[in-house]
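See below for the structure under consideration.
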Amino acid sequence: VSTQSTGCTPDSAPTSTMLRWMKKSNQNDNDAYTSTLDGMKKVYKKYVRPLEELYRYQEFYSPLLTDSDFDAPPTVMLLGQYSTGKTTFIKYLLETDYPGLRIGPEPTTDKFVAIMHGEQDQIIPGNALVVDQRHPYKVLTRFGNNFLQRFEAAVIKNPVLQGLNLLDTPGVLAGAKQTVNRGYDFTGVVKWFADRVDMIVMLFDAHKLDISDEFSQTIMACKGNDTKIRIVLNKADKVTNQQLMRVYGALMWSLGKVLATPEVARVYIGSFWDQPYSNDDNRKLFEAEEEDLFKDIQTVPRGSIVRKLNDLVKRCRIAKTHAYIMAHIKNEMPVFGKEAKMKQIIANLPKIFQQLEQSTGIPAGDFPNVEEFQEKLRTFDITKLAKLNQGMIDALDKMIQTELPRLMAQVPQDQELANDDYMMAVRKRDGGALYETDLTPFGDGATMDILNSPLQVKEFQYEFEKLGPSGDGKINGTQAKLPMQESKLPNATLRRIWTLADLDKDGKLDLREFAICKQLIKMKLDGHDLPVEIPDIWISPLAE
């Protein structure tokens, strides 16, 4: 029985894989997050934006910020060559399909898909998405209609997406496919998103470690965002222990040539889908790696506000430097012969930067790339130059020294992510593959010594009795864990199965619940999706 065949409503949508790591949460964090964002909006509009508008910041760097840029949920972007499991990874996190999802060995995802939370499942086309003021995608219109036709939002009611957005991307091409023209600047789009998302998950297939030219360009487009990158070696259960060591070494060698950083990239090893492990020998390794990765993703919403504050400080420094540069150019302009003077200034721009560094005390690292700035100046309208407004710059400096530290103090450092009411709603949805509960034998660190009660389902009675139920006719988690793991399904899937089968939520299985558990395992092994809830016919004694 698939999820779609159960007639589920948005309210009964399955709790997603990410939710187990969202257990650590409370309301105080959300309050601090909102107030900090409000403060950031106010200081930007009062101190930063007027300076940017006066000196035409948006014509040299990025567009002026809007409220949607601050309010946008943190985003995790997935990158990788085709058939590395990006879309399957998202399905594993959400534990459900999202609208428009397609999975296959060929490049099935040919669009950038922003997956976000909403009350009703729907697909929003790119042209409609970029004009929606609630989303920070307006600037993407510069990549043209060909891109907008390959951009959409998939809206789904899922608890994971209440805290962050996911961004699925087209599979990066390899081999002869690299010569195909996508019709838009693919690496430019990747760079735009990379500069704005909070985490970049790059997936590699254990059987396809070669980095194509387009993938190499894609990785280079993420340059400057190295701290956001997480490497995932997916489908690692398809190789033996010895092969896995060689694959890991080959991946690190390939990445070392492309990333060109002295730090060793963190690589998470596993098989991120809900099917049985082909090689069960590394189960403990895969589960530990999965736990680390999900903990890492779980910190994204909490760390997003700090990242936005950091980006705002960075923007302030650039805006200040830009103001001094443009004011200096204005000061050098004669009454007549402005165009000739501008050409002279462009040629002498490196020396001008050195002079401003000495006269203003601005660090050399705050100045823009000379060649790129020269290119922008060649097409700049000279009439838009403005004189130095020292009062605005002094006000900006004071804001950086007083207001931003005050905002930083409002960001909770050790607080938890979501509130108790939210987690209660999660529990009412029976949890998900990443929802942690001590009432299943598949939770991390869970110790199960709980008895079960009998059920008259004769097909499974002999196997049930072999497990040695206690006097009250129930088996505990320790007794049930090994036979369930013989299916080789990931613990995340087994945890979901246990939660569904444990009808009375006592952490034990009687005979009927054990039969339900075995039937769910069989369904999963046969390739069917798990139901949102157990059908009444399975629960009723008449089902026998």
Side-chain angles (χ1 to χ4, degrees), residues 75-94 97-116 123-130 135-137 139-156 161 165-205 207-223 225 228-235 258 272-273:
T75 301
V76 176
M77 177 170 68
L78 286 89
L79 287 174
Q81 297 181 163
Y82 70 92
S83 192
T84 55
K86 299 184 299 299
T87 305
T88 304
F89 183 92
I90 292 176
K91 180 180 178 181
Y92 186 59
L93 289 182
L94 302 180
D97 294 348
Y98 63 79
L101 175 143
R102 289 181 60 226
I103 296 174
E106 74 282 4
T108 51
T109 303
D110 62 345
K111 298 180 180 181
F112 285 83
V113 184
I115 307 159
M116 58 186 67
I123 294 177
I124 304 175
N127 281 289
L129 194 59
V130 295
H135 304 296
Y137 301 130
V139 183
L140 290 173
T141 55
R142 74 183 191 189
F143 292 105
N145 191 57
N146 283 340
F147 165 70
L148 295 180
Q149 291 179 342
R150 291 288 180 266
F151 177 50
E152 67 184 24
V155 181
I156 180 175
L161 301 175
N165 288 349
L166 300 174
L167 181 67
D168 200 0
T169 60
V172 178
L173 302 179
K177 298 185 183 70
Q178 297 178 78
T179 61
V180 176
N181 184 6
R182 293 182 184 267
Y184 62 90
D185 183 5
F186 177 76
T187 55
V189 173
V190 170
K191 177 172 175 55
W192 188 91
F193 278 114
D195 290 340
R196 288 158 179 81
V197 300
D198 298 80
M199 180 181 290
I200 303 169
V201 178
M202 290 187 181
L203 287 95
F204 291 83
D205 189 329
H207 289 91
K208 297 188 299 184
L209 293 181
D210 57 307
I211 299 178
S212 66
D213 291 342
E214 187 179 48
F215 196 22
S216 178
Q217 295 170 6
T218 301
I219 294 174
M220 293 304 296
C222 298
K223 191 173 182 180
N225 299 285
K228 300 179 182 179
I229 297 176
R230 306 292 184 272
I231 307 297
V232 173
L233 179 58
N234 199 17
K235 306 182 182 181
V258 179
F272 296 92
W273 67 338

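Fair warning: this is a prediction, and the values are worked out from it, not measured in the lab.
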For residues [X] and [Y], report the shortest heavy-atom separation together with the two atoms involved.
| X | Y | result |
| --- | --- | --- |
| Ala154 | Pro99 | CB-O, 3.6 Å |
| Thr187 | Ala221 | O-CB, 3.6 Å |
| Leu203 | Gly85 | CD2-O, 3.9 Å |
| Pro125 | Ile123 | CD-O, 3.7 Å |

Q. With sequence neighbours left out, what residues match Pro136 under side-chain contact (heavy atoms from CB on, under 4.5 Å)?
A. Ser68, Asp69, Ala72

Q) Residues two or more places apart in sequence or in another chain: which of them pass side-chain contact (heavy atoms from CB on, under 4.5 Å) with Val155? A) Met116, Gln122, Ile124

Minimum side-chain heavy-atom gap [X]-[Y] below 4.5 Å:
| X | Y | value |
| --- | --- | --- |
| Gln149 | Asn145 | yes |
| Leu166 | Leu94 | yes |
| Tyr137 | Phe193 | yes |
| Thr169 | Val190 | no |
| Ser83 | Lys235 | yes |

Can you tell me how far [atom2] of [Y] sits from [atom1] of [X], rounded to the nearest 0.5 angstrom?
| X | Y | atom1 | atom2 | answer |
| --- | --- | --- | --- | --- |
| Ile115 | Glu152 | CD1 | CD | 9.5 Å |
| Met202 | Lys86 | CE | NZ | 12.0 Å |
| Ile229 | Ile219 | CD1 | CD1 | 7.5 Å |
| Asp97 | Ile90 | CG | CD1 | 11.5 Å |
| Asn165 | His135 | CG | NE2 | 8.5 Å |

Q: Without swapping roles, check the side chain of Asn234 against the backbone of Phe272 for a donor-acceptor pair under 3.5 Å.
A: yes

**Q.** Sidechain-backbone polar pair: Thr84 side chain, Asp205 backbone, donor-acceptor under 3.5 Å
**A.**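 Side chain of Thr84 to backbone of Asp205, a donor-acceptor pair under 3.5 Å: no, none is there.
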
**Q.** Contacts of Lys228 that satisfy side chain to side chain donor-acceptor pair (under 3.5 Å) - sequence neighbours left out
**A.** Asn225

Q) Who are the side chain to side chain donor-acceptor pair (under 3.5 Å) partners of Trp192, not counting sequence neighbours? A) none

**Q.** Under the salt bridge (Lys or Arg N to Asp or Glu O under 4.0 Å) test, residues paired with Asp185 that sit two or more places apart
**A.** none

Q.
Tell me every residue that passes salt bridge (Lys or Arg N to Asp or Glu O under 4.0 Å) with Arg230, counting only those two or more places apart in sequence or in another chain.
A.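 Residues passing salt bridge (Lys or Arg N to Asp or Glu O under 4.0 Å) with Arg230: Asp296.
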
(Q) side-chain contact (heavy atoms from CB on, under 4.5 Å), that's the test. Do Val76 and Leu93 meet it? Break it down for me. (A) CA-CA 12 Å; Val76 176; Leu93 289 182; over 6 Å; no

Q | side-chain contact (heavy atoms from CB on, under 4.5 Å) assessment of Tyr98 paired with Val113 | A | CA-CA 10 Å; Tyr98 63 79; Val113 184; 4.0 Å; yes

Q: Kindly indicate, with the supporting measurements, whether the criterion side-chain contact (heavy atoms from CB on, under 4.5 Å) is fulfilled by Phe186 and Val172.
A: CA-CA 9 Å; Phe186 177 76; Val172 178; 4.3 Å; yes

(Q) Between Phe143 and Phe151, does the ring pair (Phe, Tyr, Trp, His ring centres under 6.0 Å) criterion hold? Intermediate values first, please. (A) CA-CA 11 Å; Phe143 292 105; Phe151 177 50; over 10 Å; no

Q: Look at the rings of Phe112 and Tyr184 and say which category their plane angle falls in: under 30° parallel, 30 to 60° tilted, over 60° perpendicular.
A: perpendicular

Q | Derivation of the side chain to side chain donor-acceptor pair (under 3.5 Å) call for Thr87 and Asp168 | A | CA-CA 7 Å; Thr87 305; Asp168 200 0; 2.7 Å; yes

